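This report concerns only the one structure given below.
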Amino acid sequence: MQAFEFNCTTRVIFGKDTQQRVGGEIQAWGGTKVLVHYGSASARKNGLLDQVEQSLKEAGIPYVLLGGVVPNPLIELVREGVELCRKEGVDFLLGVGGGSVIDSLKAIGFGAKYDGDVWDIYDGCTKKPITQSLPIGSIVTIAAAGSETSSSSVLTNGALKRKRGYKSEICRPKFAIMNPELTYTLPAYQTSCGIVDILLHTFERYFSPRAENQMSDLLAEAVLRNTIANGRLLLEEPNNYKYRSEILWAGNLSHNDLTGLGYTGDWGSHQIEHELGGMFDVAHGAGLAAIWASWARYVYKADIMRFVQFANKVWDIEINYNNYEETALAGIKATEAYFTSIQMPTSIRQLIGRSLTEDEVAELSASCVHFGKRTIGQFKKLGKEDVAEIYRMAQ
């Protein structure tokens with residue numbers, strides 16, 4: 001087992017009607033003026049924003065609103081949020097929404113304390129250490145990214161068509177309010193995207209350079225099996241509190257680092273998908289579903305027994321001790337079939353309605369490796385040509 005440090009300081013408040021406690025939570029963390037950040041008008045239509053505002057008023061906390069977050073959160077709105085925080089003297093940030101809202105909020109938190117443009121932080125240009133952020137809390141409305149307890153965020157630059165991530169403990173939220181009932185109104189497509197996101201966050205930690213850590217494996221396999229089973233049931237009964245609860249909690253566990261302790265993690269699939277998200281503005285979960293099996297078939301021989309274990313422990317596929325490759329590939333195929341069963345794409349053609357051009361493949365793969373400045377992945381390190389071949393395989 002590799003040495004590790006584990007820190008997940010976010011206070012999780014889980015259950016029915018917990019959103020009504022938000023004013024008191026912010027007050028407990030010393031917030032005196034709040035930016036409430038959210039996505040679409042549905043937050044107002046379904047009454048959630050009204051409940052948030054009422055709770056803040058009862059706690060005597062003034063606030064300002066900033067909506068408009070889109071599924072791939074944009075630097076342009078983050079810049080607007082930074083200026084609003086400075087103008088209004090905001091000292092606490094509240095996200096009402098899913099991972100995109102919380103990621104956008106984290107970027108605003110950095111930007112409000114940073115002497116420069118926030119995009120520098122995400123695109124890796126800044127040489128200054130990022131040591132400050134405004135404190136953050138969240139009310140989660142989508143089971144997917146797990147950003148409500150994670151130390152990472154992803155941001156898109158619409159002008160450059162680039163999607164980049166940044167990780168720092170200082171942006172881990174102070175609290176996360178999680179009421180499964182708030183996820184009832186999600187369309188089936190978004191629910192499925194969230195299920196894929198939960199699986200892939202766990203995959204990225206599970207498919208790691210070999211190191212023995214049975215406890216982390218058992219945790220990861222439990223999250224995967226639970227998500228797969230309850231994901232199917234949830235799509236049949238979208239207003240089932242039990243199924244919503246299981247998926248919402250699985251999303252949290254998939255990205256708070258618990259399932260990857262003692263491992264390096266891979267994250268190659270995410271890096272490959274980020275480029276598709278930046279260029280085509282596709283939903284993150286759908287993009288991951290479209291490329292994962294191609295990534296897996298490209299890299300599985302780097303540690304075939306890891307894929308054999310995955311097939312056996314997650315999908316109950318009997319191990320063929322005379323042909324490990326057959327078992328490994330069966331696990332990949334089972335994953336692909338599951339994505340199809342929940343109406344997710346398993347190819348780029350299904351994702352964007354056409355194949356990539358060779359020029360697009362070249363542009364995507366070059367950007368993915370930061371134009372030769374890095375390789376991606378740890379399970380198998382991937383350079384530009386490797387990434388290009390995975391895009392071709394995923395067509």
Side-chain angles (χ1 to χ4, degrees), residues 192-193 195-211 216-217 220-221 223-225 227-228 231 254 259-260 263-277 282 284-320 323-342 344-351 356 361 364-365 368-369 375-395:
S192 292
C193 284
I195 291 166
V196 174
D197 206 2
I198 294 166
L199 295 176
L200 263 291
H201 278 156
T202 314
F203 288 175
E204 297 287 21
R205 294 171 169 89
Y206 190 81
F207 292 104
S208 173
R210 268 318 245 182
S216 290
D217 281 359
E221 288 158 5
V223 169
L224 293 171
R225 291 174 68 94
T227 302
I228 290 163
S254 73
T259 61
Y263 289 125
T264 304
D266 184 76
W267 300 101
S269 298
H270 268 69
Q271 302 300 329
I272 293 168
E273 189 286 325
H274 284 174
E275 300 305 325
L276 289 173
V282 296
H284 181 53
L288 290 170
I291 60 92
W292 184 81
S294 295
W295 169 86
R297 291 186 176 108
Y298 191 83
V299 306
Y300 77 95
K301 290 182 181 179
D303 185 353
I304 198 167
M305 295 310 296
R306 193 60 168 163
F307 278 88
V308 169
Q309 179 178 331
F310 170 71
N312 179 246
K313 298 296 185 181
V314 175
W315 294 109
D316 293 323
I317 294 169
E318 186 175 351
I319 298 174
N320 183 343
N323 190 339
Y324 288 130
E325 185 172 13
E326 178 185 278
T327 307
L329 291 172
I332 298 169
K333 186 176 181 180
T335 308
E336 201 170 36
Y338 180 77
F339 291 159
T340 298
S341 77
I342 62 171
M344 284 285 98
T346 55
S347 70
I348 291 174
R349 186 179 292 108
Q350 291 176 344
L351 179 69
L356 298 172
V361 168
L364 289 163
S365 54
C368 189
V369 298
T375 58
I376 66 165
Q378 296 294 330
F379 189 84
K380 179 178 180 179
K381 291 186 181 297
L382 305 172
K384 178 184 174 182
E385 292 308 315
D386 300 302
V387 174
E389 186 56 28
I390 291 170
Y391 281 128
R392 294 186 188 105
M393 289 172 63
Q395 298 278 41

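In this text, all values refer to a predicted model and were calculated from it rather than measured experimentally.
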Report summary line: Closest non-hydrogen contact found for Lys380 with Ala302 is CB-CB, 4.1 Å

Query raised in the report: About how many Å separate OG of Ser192 and CG of Asp197, when rounded to the nearest 0.5 Å?
Result: 12.5 Å

Query raised in the report: Thinking salt bridges, do Arg225 and Asp316 make one under a 4.0 Å N-O criterion?
Result: yes

Requested in this report: For residues Phe207 and Trp295, determine if any side-chain heavy atom of one lies less than 4.5 Å from a side-chain heavy atom of the other.
Outcome: yes

**Report entry** Arg306 to Tyr206 six-membered ring, cation-pi geometry met (6.0 Å, 45°)
**Finding:** yes

Query raised in the report: Looking at Gly331 and Ala311, what are the two nearest heavy atoms and their distance?
Result: CA-CB, 3.6 Å

Query raised in the report: What closest approach, in Å, do Thr259 and Ser254 show between heavy atoms, and which atom pair accounts for it?
Result: OG1-O, 4.2 Å

Query raised in the report: Taking side chain as C-beta onward, heavy atoms only, is Gln271 less than 4.5 Å from Glu204?
Result: no

Report task. Would you name the heavy atoms of Val369 and Gly383 that are closest together and state the gap between them? Result -> CG1-C, 3.9 Å

Query raised in the report: Does any N or O in the side chain of Gln395 come within less than 3.5 Å of the main-chain N or O of Arg349, such that one atom is a donor and the other an acceptor?
Result: no

**Report entry** Residue pair Asn312, Thr327: steps toward the side-chain contact (heavy atoms from CB on, under 4.5 Å) verdict
**Finding:** CA-CA 8 Å; Asn312 179 246; Thr327 307; 5.6 Å; no

Report task. Check whether any side-chain heavy atom of Ile376 sits under 4.5 Å from a side-chain heavy atom of Trp267, and report yes or no. Result -> no

Query raised in the report: side-chain contact (heavy atoms from CB on, under 4.5 Å) between Leu382 and Tyr298: does it pass, once the steps are laid out?
Result: CA-CA 10 Å; Leu382 305 172; Tyr298 191 83; 3.9 Å; yes

Report summary line: Taken to the nearest 0.5 Å, the spacing of Leu364 CG from Glu273 CD works out to 10.5 Å

Query - Flag for Glu326-Asn320: side-chain donor and acceptor within less than 3.5 Å - result: yes

Query raised in the report: Can you tell me how far the CH2 atom of Trp315 sits from the CD1 atom of Ile228, to the nearest 0.5 Å?
Result: 3.5 Å

**Report entry** Sidechain N-carboxylate O distance under 4.0 Å for Glu389, Arg392
**Finding:** yes

Query raised in the report: Can you check side-chain contact (heavy atoms from CB on, under 4.5 Å) on Ile272 and Cys368, steps first, answer last?
Result: CA-CA 6 Å; Ile272 293 168; Cys368 189; 4.2 Å; yes

Query raised in the report: Looking only at atom types and distance, does a side-chain atom of Arg297 sit under 3.5 Å from a main-chain N or O of Met393, one as donor and one as acceptor?
Result: no

Query - Intermediate values then yes/no, side-chain contact (heavy atoms from CB on, under 4.5 Å), Gln378 and Ser208 - result: CA-CA 6 Å; Gln378 296 294 330; Ser208 173; 5.7 Å; no

Query - Exercise: do Glu275 and Tyr391 side chains pair donor with acceptor under 3.5 Å - result: no

Query raised in the report: For the residue pair Phe307 and Tyr324, is the inter-centroid distance of their aromatic rings smaller than 6.0 Å?
Result: no

Query raised in the report: With sequence neighbours excluded, what pairs up with Ser216 under the side chain to side chain contact (heavy atoms under 4.5 Å, CB included) test?
Result: Asn213, Leu261, Tyr263

Query raised in the report: How many angstroms lie between CG in Leu224 and OH in Tyr338, if you round to the nearest 0.5 Å?
Result: 10.5 Å

Requested in this report: Look up atom CG in Leu288 and atom CG in Leu351, then write down how far apart they are to the nearest 0.5 Å.
Outcome: 10.0 Å

Query - Rounded distance (nearest 0.5 Å) linking atom OG of Ser347 with atom CD of Gln350 - result: 3.5 Å

Requested in this report: Flag the pair Phe310 / Glu221 as yes when at least one side-chain heavy-atom distance between them is below 4.5 Å, and no otherwise.
Outcome: no

Query raised in the report: If we only count heavy atoms from C-beta on, is the Trp292 to Thr346 side-chain gap below 4.5 Å?
Result: no

**Report entry** Where Ser269 and Ile291 come nearest, the two heavy atoms and their spacing
**Finding:** O-CD1, 3.6 Å

Query raised in the report: Which atom names give the shortest non-hydrogen contact between Pro345 and Ala286, and what distance separates them?
Result: CG-O, 3.5 Å

Requested in this report: Could you tell me how the ring of His274 sits relative to the ring of His284: parallel (under 30°), tilted (30 to 60°) or perpendicular (over 60°)?
Outcome: tilted

